[in-house]
Amino acid sequence: MLLVSALTMAAPATAQAPAPDSPAIEAQAHALLAKLTLEEKIELLGGVDGMFTRPAPSISLPRFKMSDASVGVRTWGPSTAYAGGVALAATWDKDFARRLGEALGRDAHARSVHFLLGPGVNIARSPVSGRNFEYLSEDPFLNAELAVPYIEGIQSQGVIATVKHFALNDQEYNRHNADSEADERTMREIYLPAFEAAVTKAHVDAVMDSYNLINGQHATQNNFLNLKLLKGEWGFQGILMSDWDATYDGVAAANNGLDLEMPNARFLNAATLTPAVKSGLVKESTIDDKVLRLLRTELRYGFTSRPQFDPADSTYSVAGRAVALEGARESLTLLKNEGHILPLDPARIKTIAIIGPSAYPAVTGGGGSSTVQAFEPVSILTGIANLLGPDAHVLYSRGLPDMPDVFQKTRWEGGVSVATYPSRDFTGTPETAAEEGITKWSPEWWGPADKAPRSIRYSAAFKAGKAGKYLLLAASAGNDSYKVIVDGRTLPNAVNVEGQTPQFWTLDLTAGQTVKVVVEYLPGFAGIHFGLGLAFEADMISAEAREFAAKADAVVVAAGFSNTSEAEGADRTFALPWGQEALIQAVTAVNPRTIVALTGGGAVDTRAWLDQVPALLHAWYPGQEGGTAVAEVLFGKHNPEGKLPVSFDRSWEESSSAAYYYPVKGADTSLHVTEYGKPPVDYVIPHVRYGDKLLVGYRYWTTTGKHPLFPFGFGLSYTTFSFANLQAPATAASGATVPVSFDVTNTGGVAGAEVAQLYVSDLSTKVSRPERELKGFEKVRLAPGETKRVTLNLDARAFSYWNEAAHKWTIDPGKFVLRVGDSSESTPLSAELTLK
Ligand code: BGC
């Protein structure tokens, strides 16, 4: 069996873990430094060719290669795509996190990669944040517990891990310019612990600063984060690099901790820094410290004395595929299973219909820099067909048109008039043209900046043939901005859109009604990447999908997000992408035996259809083996074991951060093109106030006593588990480690895995604290009838809060409650503890 082979297969013997720092390495680094001129030293502070450090020929220092790593090694060419980020968090499996890190390290090695640009440990503060899928969870403890073995796994293979994006980069909306404003306690308790653990426990050797500002200063020049915390309190000795084009001021960055500007030295360069050193604005010792960090780390890893690629490395790795399958299996999270419709019995399913945009081709991950060109990805369609074998009758329909189809098939009354202005604000004399449609969308998320000052206005009229609901769909690329105006009204959410995820609205039109559509579009990239169309909703669902669904013994609708609808550079919608709600409704109307399998980085709006579907499986982004794992779970070959790493809210409005997530309304309603690294001249910095403070996700739900749709930590199984015999000391000294033991029993008929979760509540606190906080967990695999005793140790931090007045971690002695169970809302065991 593939899973067993993954666990037992030894890693190739090439791995070379980094040597600790030593007087010998220190002496070597200093000797190399001494040979460099000031200019040569400064040269080393910027990257080159997109993904490399710069070489220093005078000391025979080669360049070193970097690659993204959130779901696989994204260097040139195909690679294994894993269930990473939020899917890894849904496994709640620390041992698996290590195996995943090791697999990524091996893949990196085999591609001559020296630095992996991961893990991302930002907090899933809001379900709409566009990169949640690359990150882990809403909980700092879960993030830290998974990030540490993951980093150790990568670095054990002689590859530097880079924890990112430091820090409070919890939205993609306007990520270069948004200022995350949070108080120190909120930062210390929620947003920073995973970074702190990466440094102090996993000894990560690189950190990546984020794009955004934090309390008024960009991350790359943020004294508090980079110098006071990271390099000061936490004692970070490695390399602090910028995100790609996240440096905004050379002198400020040099003096506030940044060591390496990526992808090239726009600011940390000789033109800026040589005069700054000469005039005393930047000390030469500051430059030396940065170069020493680079040299010391590279020497410790042996990069200077051996090629990173080793002849024993495998570029295509069967062991890697097994890890990918294991991750997919462990992460799939079953949220609803009414009437035990699942697992399906293969013997009884003669005809199965598999419908929806996520059914085929495989949706392995979201979009942006984490995108991996996967080896032979298995789609949900092919996974199910493979499992059922040659006798099964498998019907497939995408159910919805492709996006370009919607753009191309829209019939505008009298065509579209296009006015291109020689300015960014629709002034000057435009060039005009007549076109048939607005169809120039391309799925670009990155490209050379649009240098020519242009603004483009499309004007068109659409006449509704039938009465009913119409989908209005628009999509652009990368840093484009646009707004859509219908009959003189600017549509909500369409103001200052940046990024490429599609926007959509529903228009209720009467037969024969004509609407006037105007689009104001600012291209951010060279070229035009904009499309817009209107389609009658009921006609969008293919007749074939309805027909297949009606005929089938069971239907799987694979819906959700993909690399075009959830991607770096933009936030996504809480609603499912366009047309999908209507698709699920159309299918359930003809076949109630409909199971929905979701792809995406978190919760989605299920209100329009959840009551009509008996089963809901969250597949996250399951990597290249996802289709096999989904099939195994649906047909009971694998018992689902994923647990929600985020609270699953009913609506975006009820999520704990909704009131604070977007900048203060009215602060910025104009269109802007952001050239990377350069805020537009007239720009109003969007202030993102973290007014939700500590009450993120389940902390909010449990403190307010309200309930989300599905709580953090929740996930169903085909078996049942019970918890018993909680044992914990009744009293302990403040600061002592407190052991908490209990039994977990598989009380059902099949083998399965449970995640035992330990939450701590502070009853004697002098400040206000969240009602409960996760402070321990363990994944337990149990045969039917089997019991295991679990012991979790609570350290001082488990009881502490950040005391703003005293400026330190503090335990208020007194009563605490320890709760154990299988989600943040289901904790059948509890005990009181008094800390003296
Ligand atoms: C992303 C980083 C990534 C880098 C290099 C940036 O756009 O924000 O996470 O590591 O690109 O690809």
Side-chain angles (χ1 to χ4, degrees), residues 46-53 64-77 79 84-86 104 108 111 113-122 129-136 147 151 154 159-178 180 194-195 198 204 206-213 218-220 239-248 258 260-264 266 365-373 444-449 477-479 498-501 524-525 563 566-571 601 674-678:
V48 68
D49 292 342
M51 280 283 169
F52 291 88
T53 61
F64 300 114
K65 186 175 174 184
M66 304 185 174
S67 167
D68 281 293
S70 301
V71 299
V73 176
R74 184 201 55 118
T75 192
W76 302 273
S79 190
V86 69
L104 285 165
R111 289 164 179 75
V113 168
H114 301 86
F115 292 75
L116 275 182
L117 305 175
V121 300
N122 296 86
S129 177
R131 290 182 91 173
N132 282 348
F133 73 91
E134 287 188 60
Y135 303 147
L136 295 164
I151 290 166
I154 292 175
V159 174
I160 296 176
T162 310
V163 71
K164 69 187 187 184
H165 305 95
F166 191 56
L168 287 90
N169 182 186
D170 309 296
Q171 65 278 319
E172 284 299 281
Y173 169 81
N174 221 331
R175 61 179 175 167
H176 277 271
N177 305 300
S180 298
F195 290 102
V204 73
V207 174
M208 186 190 291
D209 269 337
S210 56
Y211 286 116
N212 52 294
L213 300 90
H218 268 292
T220 44
I239 302 160
L240 178 58
M241 70 176 80
S242 71
D243 199 342
W244 270 229
D245 287 309
T247 309
Y248 305 86
L258 190 70
L260 178 62
E261 180 186 359
M262 291 303 293
N264 45 48
R266 281 170 61 180
S369 61
S370 66
T371 307
V372 165
Q373 186 195 337
E444 304 296 324
W445 74 281
W446 192 263
N479 271 13
E498 290 188 60
Q500 73 286 27
T501 59
F525 292 165
N563 59 0
E566 184 167 31
E568 176 179 343
D571 283 344
T674 311
E675 193 187 329
Y676 267 78
K678 285 189 196 159

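In this chain, residues are counted from 1 in sequence order. Values below: all heavy atoms of this structure, side chains included; hydrogens, waters and symmetry mates excluded. For ligands, and for the atoms within them, numbers begin at 1 and follow the listed sequence.
Ring-plane geometry between H114 and F64 is classed as perpendicular, the angle between the planes exceeding 60 degrees on a 0 to 90 degree scale with a lower cut at 30.
Ligand 1 has R74 within reach: a non-hydrogen atom of the residue lies less than 4.0 Å from it. Residue contacts with ligand 1 include M51, since one or more of its heavy atoms lies under 4.0 Å from the ligand. The closest approach between M66 and ligand 1 stays at or above 4.0 Å for every heavy atom of the residue.
The two residues D209 and T220 make their nearest non-hydrogen contact at OD2-CA, 3.4 Å. Nearest heavy-atom pair across V372 and S79 is CG1-O, 3.7 Å.
Under the 3.5 Å distance criterion, the side-chain polar atoms of Y211 are matched with a main-chain donor or acceptor of W244. Under the 3.5 Å distance criterion, the side-chain polar atoms of S242 are left unmatched by any main-chain donor or acceptor of T247. Under the 3.5 Å distance criterion, the side-chain polar atoms of T162 are left unmatched by any main-chain donor or acceptor of V207.
Ring centroids of Y135 and H165 are separated by less than 6.0 Å, placing the two rings close together.
Counting the atoms of ligand 1 from 1 in the order shown, those under 4.0 Å from a heavy atom of K164 are 2 (C), 3 (C), 9 (O), 10 (O). Near M208, meaning under 4.0 Å from any of its heavy atoms, are these atoms of ligand 1: 10 (O). Counting atoms of ligand 1 from 1 in the listed order, those under 4.0 Å from a heavy atom of H165 are 2 (C), 8 (O), 9 (O). Set against the non-hydrogen atoms of Y211, the atoms of ligand 1 under 4.0 Å away are 6 (C), 7 (O), 8 (O).
Contact annotation for R175 and ligand 1: only side-chain heavy atoms (C-beta onward) come within less than 4.0 Å of the ligand. Within the 4.0 Å heavy-atom criterion, neither part of E172 lies near ligand 1. With a 4.0 Å heavy-atom cut-off, ligand 1 is reached by no atom of M262. The part of E568 lying near ligand 1 is the side chain, judged by heavy-atom distances below 4.0 Å.
Taking each of D68, T371, L116, T162 in turn, the one with a heavy atom nearest to atom 5 (C) of ligand 1 proves to be D68.
The salt bridge (charged side-chain N to carboxylate O under 4.0 Å, His left out) search around D68 returns R74, K164, not counting sequence neighbours.
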